[in-house]
Amino acid sequence: MSLLFFKRVLANPRRVGYIVPSSPFLIRQTSRFIDFSAARTVVELGPGEGCHSRRILRFLNRDSRLILIELDSHFAAHLTEQFADDPRVSVIHANAVHLSETLQIHDAAEPDYIVSGIPLTIMARALREELLAGIALAMGPSSRFITYQASLSISDHRHFDLVRKKHCLLNIPPLHVMELMKSPCPEAP
Ligand SMILES: C[S@@+](CC[C@H](N)C(=O)[O-])C[C@H]1O[C@@H](n2cnc3c(N)ncnc32)[C@H](O)[C@@H]1O
């Protein structure tokens, strides 16, 4: 684990969520949910120090884009420095609650994939609902939302339909990886 991750967990345990970054097993499992031959625009929410981003960039086409949206200014600065030489990457220091507006400004509406490491299932319900509504708003009919979470509760959320899921035991804590699509007719709250 990087010292940066440890410092940011101590500074903001609720926002960072887990005490260590994703394991190599979880990173591999998550990237298997992405069809890189079709991925033109990938958005990552809560990339932290960039462990999933590095894996995505390994397989991402040369002319595709990876947009990293990170709320923590220390992580955002670290990502900017780390990926400064890769023209596919844009680092945005922003809150993902404003996702739809942020993507429109960056000409990335309805991305192919939104990969999220934000610890949605362990945060306050009101904030989780705001984030999930924003993610659904930013998606088109063929966008896919891939997220790794401590519980499966998002899999039957009214905004989304579950495409597939996997359980990754080799991570601290064990997490569920889910692929979701935007529900064509979300149920009333
Ligand atoms: C569990 S860590 C995941 C870090 C990394 N993706 C990994 O797998 O190791 C959660 C990350 O989400 C970020 N985050 C939390 N809330 C956010 C928000 N509303 N918008 C953007 N990033 C957020 C945190 O700063 C942190 O980097």
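Read the numbers this way: they start at 1 and go in the same order the structure lists the ligands and their atoms.
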Within the protein, flag every N or O under 3.5 Å from an N or O of ligand 1, and note the pair and distance.
{"from": "ligand 1", "atom 1": "6 (N)", "to": "Gly46", "atom 2": "O", "distance (Å)": "2.9"}
{"from": "ligand 1", "atom 1": "6 (N)", "to": "Pro47", "atom 2": "O", "distance (Å)": "3.4"}
{"from": "ligand 1", "atom 1": "6 (N)", "to": "Tyr148", "atom 2": "OH", "distance (Å)": "2.9"}
{"from": "ligand 1", "atom 1": "8 (O)", "to": "Ser22", "atom 2": "OG", "distance (Å)": "2.5"}
{"from": "ligand 1", "atom 1": "8 (O)", "to": "His52", "atom 2": "NE2", "distance (Å)": "3.4"}
{"from": "ligand 1", "atom 1": "8 (O)", "to": "Tyr148", "atom 2": "OH", "distance (Å)": "3.1"}
{"from": "ligand 1", "atom 1": "9 (O)", "to": "Ser22", "atom 2": "N", "distance (Å)": "3.0"}
{"from": "ligand 1", "atom 1": "19 (N)", "to": "Asn95", "atom 2": "OD1", "distance (Å)": "2.8"}
{"from": "ligand 1", "atom 1": "20 (N)", "to": "Ala96", "atom 2": "N", "distance (Å)": "3.0"}
{"from": "ligand 1", "atom 1": "22 (N)", "to": "Leu71", "atom 2": "N", "distance (Å)": "3.3"}
{"from": "ligand 1", "atom 1": "25 (O)", "to": "Glu70", "atom 2": "OE2", "distance (Å)": "2.6"}
{"from": "ligand 1", "atom 1": "27 (O)", "to": "Gly48", "atom 2": "N", "distance (Å)": "3.4"}
{"from": "ligand 1", "atom 1": "27 (O)", "to": "Glu70", "atom 2": "OE1", "distance (Å)": "2.8"}
{"from": "ligand 1", "atom 1": "27 (O)", "to": "Glu70", "atom 2": "OE2", "distance (Å)": "3.3"}

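Salt-bridge check for Arg40 with Asp63: passed, with a basic side-chain N closer than 4.0 Å to an acidic carboxylate O. A salt bridge links Glu49 with Arg54; the closest basic N to acidic carboxylate O contact falls under 4.0 Å.
Geometric assessment of Arg144 against the ring of Phe33 yields a negative cation-pi assignment under the 6.0 Å and 45° thresholds.
The hydrophobic side chain of Ile105 is isolated, with no ILVMFWY side chain under 4.5 Å apart from it. Listed by chain and number, the hydrophobic cluster partners of Phe25 are Leu170, where partners are ILVMFWY side chains within reach of under 4.5 Å, directly or through others.
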Hey, can you pull the donor-acceptor pairs under 3.5 Å for the side chains in residues 131-141, sequence neighbours left out?
none

